[in-house]
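Following: one structure in structure tokens, then a few remarks.
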Amino acid sequence: MDLLTKQQQALYDAFYESTHVDEKTEILVGLSAAVAMNCNPCTSYYLRLAKQRSIAKGEISETLAKVMAVAAGQKRLQFQEVLDEYDIDF
């Protein structure tokens, strides 16, 4: 059973045939996306791949910190939107 359409498979294949970013960057971007999208199997995949490629723990930590910073900023904006929309003033 094919899980992806031909178009989806082409997109997937294109991502993994990157000619513009190095392998480490590709892995760290994939890890960032996996964490941001709450995909545990994908996060596990990229963490294992990072370990296999000897990507440093510090590089993984910085990647996670950036995902956390973006998520925190988004939640702060969401909170402010609710305050504004419902005219709540503290």
Side-chain angles (χ1 to χ4, degrees):
M1 175 171 111
D2 292 330
L3 296 177
L4 302 177
T5 66
K6 288 181 183 180
Q7 292 86 0
Q8 290 169 327
Q9 187 65 50
L11 179 63
Y12 180 85
D13 292 342
F15 178 76
Y16 285 101
E17 293 173 8
S18 176
T19 58
H20 300 286
V21 295
D22 60 271
E23 183 181 35
K24 183 192 299 186
T25 302
E26 186 175 322
I27 292 168
L28 294 174
V29 168
L31 178 61
S32 297
V35 171
M37 296 303 298
N38 299 315
C39 181
N40 288 347
C42 297
T43 300
S44 174
Y45 169 80
Y46 282 108
L47 285 172
R48 291 175 191 277
L49 195 57
K51 187 172 182 175
Q52 289 172 358
R53 301 299 190 272
S54 299
I55 296 176
K57 185 177 180 180
E59 292 170 307
I60 300 295
S61 295
E62 286 182 17
T63 298
L64 177 58
K66 285 177 180 40
V67 173
M68 291 168 61
V70 171
Q74 189 276 328
K75 291 302 171 188
R76 175 63 180 99
L77 288 173
Q78 179 186 14
F79 186 80
Q80 188 62 51
E81 287 173 2
V82 171
L83 290 174
D84 293 346
E85 181 178 343
Y86 294 97
D87 196 28
I88 302 169
D89 186 26
F90 281 98

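A quick note: this is a predicted structure, and the numbers were derived from the prediction, not measured.
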### Message
Would the distance check show the side chain of T25 and the main-chain N or O of V21 forming a donor-acceptor pair, the cut-off being under 3.5 Å?
### Response
no
### Task
Output all residues satisfying salt bridge (Lys or Arg N to Asp or Glu O under 4.0 Å) with K66, sequence neighbours left out; order by chain, then residue number.
none
Among all residues two or more places apart in sequence or in another chain, which pass the side-chain contact (heavy atoms from CB on, under 4.5 Å) test with [X]?
X   : result
S61 : K57
L77 : none
S44 : R48

### Task
Only pairs at least two apart or in different chains count here, so list each side chain to side chain donor-acceptor pair (under 3.5 Å) that has a residue in residues 28-43.
none
### same_hphob_cluster(Y45, L11) at 4.5 Å side-chain heavy-atom cutoff
no
#### Entry: Shared hydrophobic cluster for L49 and V29 (ILVMFWY, side-chain gaps under 4.5 Å)
no
### ILVMFWY clustering at 4.5 Å (side-chain atoms), partners of M37
none
### Query
Quick one: which of L64, D22, I60 gives a side-chain contact (heavy atoms from CB on, under 4.5 Å) with L28?
I60
### Query
Nearest heavy-atom pair of Y46 and A34: which atoms, and what distance?
CD1-CB, 4.3 Å
Contacts of type side chain to side chain donor-acceptor pair (under 3.5 Å), residue [X], not counting sequence neighbours:
X   : result
E62 : none
K51 : none
Q74 : none

Please set out all donor-acceptor pairs under 3.5 angstrom arising from side-chain atoms of residues 78-85, sequence neighbours excluded.
residue	atom	partner	partner atom	Å
Q78	OE1	K75	NZ	3.1
Q80	OE1	R76	NH1	3.2
Q80	OE1	R76	NH2	3.4
Q80	NE2	D84	OD1	2.9

### Message
Is the shortest side-chain heavy-atom distance between K24 and R53 below 4.5 Å?
### Response
no
### Message
I need the E59 CD to I27 CD1 distance, nearest 0.5 Å.
### Response
10.5 Å
